[in-house]
Amino acid sequence: MNFKGIFLAKCLVVLFSCVKGSANEAHKAYGILGGSVFLNIPDFQVEKPHEIRWFKLAILLMKVKNSTVKTYRDKEKYNLFFNGTLKIDRLVEEDSGNYKVTVYDDRGSLQVEKNLTLSVQEIVSKPEIKRTCSQKSITVKCEVKQKKKPGIRLLQNNSILSVREPTNTNGTWQIQYQYSAKIQTAKFQCEVKNDVSKKTTDQEIKCSGPLDIVLIVSIAGGAVVFVIFLALLIYCIRKKRAERHEEQDEETPMKIRQVKDESKYRELPQPPGHAPPKQPRQQQRPPPQAQTQYQGGPPRPRPRAQQKSPSHMTERP
């Protein structure tokens, strides 16, 4: 009988301690860096509280009593409503910590006492996915620049991959995953989050195989050869044009001199003493008459043509 009573008492003590511990357990609240946060009284059931006080590390911040609000700290930062909600503006990292709220009735009896833990966090940055391809394996990295350690997950085809804990290098957190190079194409998703924000990045990873590498190298080599050939062709064309211009420049003054000399000879008058002698005209002899005319005797003189007087020229019949 005594054994049963002792066992029952122990169970009641354990149950009471658990209930007390859960009642005194601090509630968690989160705020965005540079923003505002509202701290409510957890499980608040008092309908008409007489006095409400808010503390941070045993330092009184604000108090409301009989509908009168009194501020003990920064008035522009803290604001207390009649229902007991505390508002904090322009959050900084120093605002993180433990807060306590107490509620009293009109007789001064403590009705509610709650503890809260505020965590001020910055919005996470957008992550980046990087890859490194080799002949045997492919390495995928998820990186994000963040002061405090965020939660990072890497997914492949919507399946969460098992990777090591994130490492920090100069303010950049990263995780990596390595798989066989036989899978040349895969879709990855990097997820970064904290208690106030969440961002993701999707990317399809493609790594070219050995054949593709040979093809790329061949195309690159052909392009280099074509560029060299084109440069030589342009050089030769320009060189020939320059030689032609030089020849034309040399011939032009000679032609100008020749034209000037010819124009001088044409313009100078010839002296009379040096006039070229006129060649005597050769008189045309009449054709020889037939031999039959000389058989009858000497040639007879031809009669002269009579000249008409001017009177006969003016008269008309």
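On a predicted model such as this, the values are computed, not experimentally measured, just so you know.
Between Thr201 and Gln203, the side chains place no donor N or O within less than 3.5 Å of an acceptor N or O (distance only, hydrogens not considered). Checking Ser137 against Gln178 by side-chain atom types alone, a donor-acceptor pair falls below 3.5 Å. Checked by atom type, the side-chain pair Asn115/His27 shows no donor-acceptor distance below 3.5 Å.
A chain of hydrophobic side-chain contacts below 4.5 Å, direct or via other Ile, Leu, Val, Met, Phe, Trp or Tyr residues, connects Tyr78 to Leu39. Hydrophobic clustering (side-chain heavy atoms under 4.5 Å, transitive across Ile, Leu, Val, Met, Phe, Trp, Tyr) keeps Leu118 apart from Ile32. Under a hydrophobic-cluster definition in which Ile, Leu, Val, Met, Phe, Trp and Tyr are linked whenever side-chain heavy atoms come within less than 4.5 Å, directly or via other members, Val163 and Ile160 are assigned to different clusters. In the hydrophobic clustering of this structure, Val120 does not group with Phe55; members are Ile, Leu, Val, Met, Phe, Trp, Tyr whose side-chain heavy atoms approach within less than 4.5 Å, directly or through other members.
Using a distance-only test at 3.5 Å, with no hydrogens or angles considered, a donor-acceptor pair links the side chain of Lys77 to the main chain of Arg90. Here the side chain of Asn83 pairs a donor or acceptor atom with the backbone of Thr85 at under 3.5 angstrom. Side-chain atoms of Lys70 do not come within 3.5 Å of backbone N or O of Met62 as any donor-acceptor pair. No donor-acceptor pair under 3.5 Å is formed between the side chain of Ser125 and the backbone N or O of Val144. Trp54 contributes a side-chain N or O that, together with a main-chain N or O of Gly84, makes up a donor-acceptor pair within less than 3.5 Å. Formation of a donor-acceptor pair under 3.5 Å by the Asp202 side chain with backbone atoms of Lys187 is not found in this model.
Counting non-hydrogen atoms of other residues, nucleotides and ligands closer than 6.0 Å to NZ of Lys198 gives a total of 12 or fewer. The number of heavy-atom neighbours closer than 6.0 Å to CD of Glu76, taken from other residues, nucleotides and ligands shown, is 12 or below. Environment of CD1 in Ile123: sparse, with no more than 12 heavy atoms of neighbouring residues, nucleotides or ligands closer than 6.0 Å. Counting non-hydrogen atoms of neighbouring residues, nucleotides and ligands closer than 6.0 angstrom, the NZ atom of Lys149 exceeds 12 such neighbours.
Inter-residue side-chain proximity for Tyr30 and Asn194 is flagged as unmet; no heavy-atom pair is nearer than 4.5 Å.
Looking at residues two or more places apart in sequence or on another chain, you find no salt bridge (charged side-chain N to carboxylate O under 4.0 Å, His left out) involving Glu94.
Annotation for Gly31 and Leu91: closest pair CA-CD1, 3.8 Å, computed over non-hydrogen atoms.
To the nearest 0.5 Å, the span separating SG on Cys190 from CD on Glu143 amounts to 9.5 Å.
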